[in-house]
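When a residue number appears, it is its place in the shown sequence, counting from 1. Excluded from the calculations below are hydrogen atoms, water molecules and symmetry mates; all remaining heavy atoms, backbone and side chain alike, are included.
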Amino acid sequence: MRKVTFGGANSLDNFLARQDDAVDWLRWGPEAGEIMKEYWSNIDTVIMGRRTYEVANKGGGGFSGIKCYVFSKTLEPKEEGDLTILNSDPVEKVRELKAQPGKEICVMGGGLLAKPLFEAGLIDEIGFNVHPVLLGRGIPLFHEMSRQIDLELLECRPFKNGCVYLLYKVVNPAD
């Protein structure tokens, strides 16, 4: 089974972005860059929602050589090169992808997309670069779930710029 990781960057009060999708508060640095370089070398599939996809496209678009699945209720389904836009259930698709051979799978951005994947026990790890800022409001990282999700700390690394990298294993009830 392929490993599925949910990750990215968030504020200390658990927002992924401002309400207008702005991420001007992020403190990028070489330590996070090193982690991301290693991480991206281990994945071949990215899962994201429409909103994350649209923000990524504004920033330059695609992920060269990486299969990208976008789940949307508003975009038209299509398959074009490494991009597939789906209107289907993300749980079933991620379950199918996880069972296929390949590298790791990244669930990028949205907590709304991650919620049903957590509830279905499909996410194996959570990795976040926590930024030392309280936004007060914005796009939430996590949404209310139907059950508790237990975690085991794998790594905690402070950065010189005040950020903290956290990596957790998801402890599924079947483990």
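With hydrogens and angles ignored, the 3.5 Å screen pairs no side-chain donor or acceptor of E104 with any backbone N or O of D44.
The shortest side-chain heavy-atom distance between C156 and L166 falls under the 4.5 Å cut-off.
Comment: K160 does not engage E31 in a salt bridge, judged by the lack of any side-chain N to carboxylate O separation of less than 4.0 angstrom. In this structure, K37 does not pair ionically with E34, as no charged nitrogen and carboxylate oxygen lie closer than 4.0 Å.
Across all non-hydrogen atoms, the minimal contact from R2 to T45 is NH2-OG1, 2.7 Å.
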Exercise. After noting the C-alpha distance and the side-chain angles of R18 and D24, does the key distance pass the side-chain contact (heavy atoms from CB on, under 4.5 Å) rule?
Worked result: CA-CA 9 Å; R18 296 188 191 279; D24 57 318; 2.8 Å; yes
Exercise. Is there a side-chain contact (heavy atoms from CB on, under 4.5 Å) between T5 and K3 once you walk through the steps?
Worked result: CA-CA 7 Å; T5 303; K3 181 167 52 174; 4.1 Å; yes
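Between the SG atom of C163 and the CZ atom of R157 there is a distance of 12.5 Å, given to the nearest 0.5 Å. Within the model, atoms OG1 of T52 and CD1 of I139 stand 7.5 Å from one another, a figure rounded to the nearest 0.5 Å.
Just one residue in the list K67, K78, K93 forms a side chain to side chain donor-acceptor pair (under 3.5 Å) with T84, and that residue is K67.
Aromatic ring centres of F118 and F6: separated by under 6.0 Å.
In this pair, Y165 and F159 present their aromatic rings parallel. The plane angle is below 30°, not in the 30 to 60° band.
Looking at residues two or more places apart in sequence or on another chain, you find a side chain to side chain contact (heavy atoms under 4.5 Å, CB included) between D13 and S11, F15, L134, L135.
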